[in-house]
Amino acid sequence: MRGSRLEYLLKEWGQWTERNIGWADEYGDNILYRAGFMTGTGGMPGHRVLCPECPVVVRRIDRQIKQLPGSEQDAVICWYCFTYNEETGKSYTLQEVARHMNISRSALEKRLARARKKLRERLTTV
């Protein structure tokens, strides 16, 4: 997988996650309904809260991101999911994201590079 394709997929994943972060869970299922239904106390099969379905490609990327080491996972989430600075009306810079994470810019860049390399390898073999 080429770097530009991976970057596109990560941005797509981040935008979907950022837009839908407030729903019941990251894939749009109602957790309370599922828990009740699975234990035999819930309503009719197929019932859902009206919320967006997670695209298959987003789920695939999300599974791979969740398998990254914690520091790399945090770097990917902070860089791709929380992109818009409401105070300035612009996208966050690498320096701002690094400051938010209490690390240096170079440390953030290294974590992102390691994460991208691992994701590129995993996504081409999956």
Side-chain angles (χ1 to χ4, degrees):
M1 173 176 292
R2 290 185 22 227
S4 58
R5 173 74 175 143
L6 177 63
E7 192 67 18
Y8 171 80
L9 292 172
L10 287 169
K11 286 180 180 179
E12 184 178 24
W13 166 81
Q15 289 170 355
W16 192 92
T17 302
E18 188 174 23
R19 276 193 319 267
N20 298 291
I21 200 95
W23 292 104
D25 74 359
E26 68 261 39
Y27 301 128
D29 292 331
N30 182 325
I31 295 169
L32 296 176
Y33 170 77
R34 186 186 316 157
F37 185 73
M38 298 303 275
T39 59
T41 60
M44 297 173 53
H47 172 75
R48 290 176 165 255
V49 171
L50 295 176
C51 52
E53 283 292 324
C54 181
V56 173
V57 68
V58 171
R59 269 186 260 164
R60 181 175 175 224
I61 296 290
D62 191 63
R63 276 193 302 270
Q64 296 303 320
I65 290 170
K66 287 181 178 177
Q67 293 178 7
L68 291 171
S71 62
E72 293 170 12
Q73 190 179 124
D74 291 344
V76 169
I77 290 169
C78 287
W79 181 243
Y80 289 101
C81 294
F82 306 110
T83 59
Y84 183 71
N85 185 341
E86 292 181 10
E87 293 176 10
T88 64
K90 297 179 182 178
S91 295
Y92 283 108
T93 64
L94 269 173
Q95 185 65 40
E96 290 171 323
V97 172
R99 192 173 330 129
H100 172 74
M101 294 177 68
N102 293 320
I103 60 175
S104 69
R105 178 186 171 144
S106 63
L108 176 59
E109 289 172 337
K110 288 175 185 174
R111 289 178 186 183
L112 286 170
R114 285 193 310 263
R116 287 181 188 119
K117 181 180 178 186
K118 289 175 185 174
L119 290 170
R120 197 173 300 111
E121 290 168 0
R122 291 176 184 175
L123 291 169
T124 55
T125 59
V126 172

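Numbering of residues begins at 1 and proceeds along the displayed sequence. Note that this is a predicted model, so its numbers are computed, not measured.
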Point-to-point distance, once rounded to the nearest 0.5 Å, from [atom1] of [X] to [atom2] of [Y]:
X      : Y      : atom1 : atom2 : value
Leu123 : Arg116 : CG    : CZ    : 13.5 Å
Ile61  : Glu12  : CD1   : CD    : 8.5 Å
Ser106 : Gln95  : OG    : CD    : 9.5 Å

Smallest separation among heavy atoms of [X] and [Y], with atom names:
X      : Y      : result
Pro69  : Lys118 : CG-NZ, 3.5 Å
Trp13  : Asp62  : NE1-OD1, 3.0 Å
Ser71  : Arg114 : OG-NH2, 4.5 Å
Leu108 : Ala75  : CD1-CB, 3.7 Å

(Q) I need the full list of salt bridge (charged side-chain N to carboxylate O under 4.0 Å, His left out) pairs touching residues 92-102, with sequence neighbours left out, sorted by first then second residue. (A) none

Q.
The test is side-chain contact (heavy atoms from CB on, under 4.5 Å); show your working for Thr83 and Val97 and say whether it passes.
A. CA-CA 9 Å; Thr83 59; Val97 172; over 6 Å; no

Restricting to side chain to side chain contact (heavy atoms under 4.5 Å, CB included), what partner residues turn up for [X], sequence neighbours left out?
X      : answer
Lys11  : Glu7, Tyr80
Ala107 : Ile103, Ser104
Gln67  : Gln64, Arg122
Ala115 : Leu68, Glu72, Val76

Q: Kindly indicate, with the supporting measurements, whether the criterion side-chain contact (heavy atoms from CB on, under 4.5 Å) is fulfilled by Leu10 and Leu119.
A: CA-CA 10 Å; Leu10 287 169; Leu119 290 170; 3.8 Å; yes

Q.
Going by side-chain hydrogen bond (donor to acceptor under 3.5 Å, both in side chains), name the residues that satisfy it together with Arg105, two or more places apart in sequence or in a different chain.
A. Glu109

Q) Under the 3.5 angstrom rule, does the side chain of Gln73 hit a backbone N or O of Lys66 as a donor-acceptor pair? A) yes

Q: Before giving the answer on side-chain contact (heavy atoms from CB on, under 4.5 Å), spell out for Trp79 and Leu94 the whole-Å C-alpha distance, their side-chain angles and the decisive distance to 0.1 Å.
A: CA-CA 8 Å; Trp79 181 243; Leu94 269 173; 3.8 Å; yes

**Q.** Within-4.5 Å side-chain heavy-atom neighbours: Tyr84 and Ser91
**A.** no

Q) Under 4.5 Å between any side-chain heavy atoms of Tyr92 and His100, yes or no? A) no

**Q.** Neighbour count >12 (heavy atoms, 6.0 Å) for atom NZ, Lys110
**A.** no

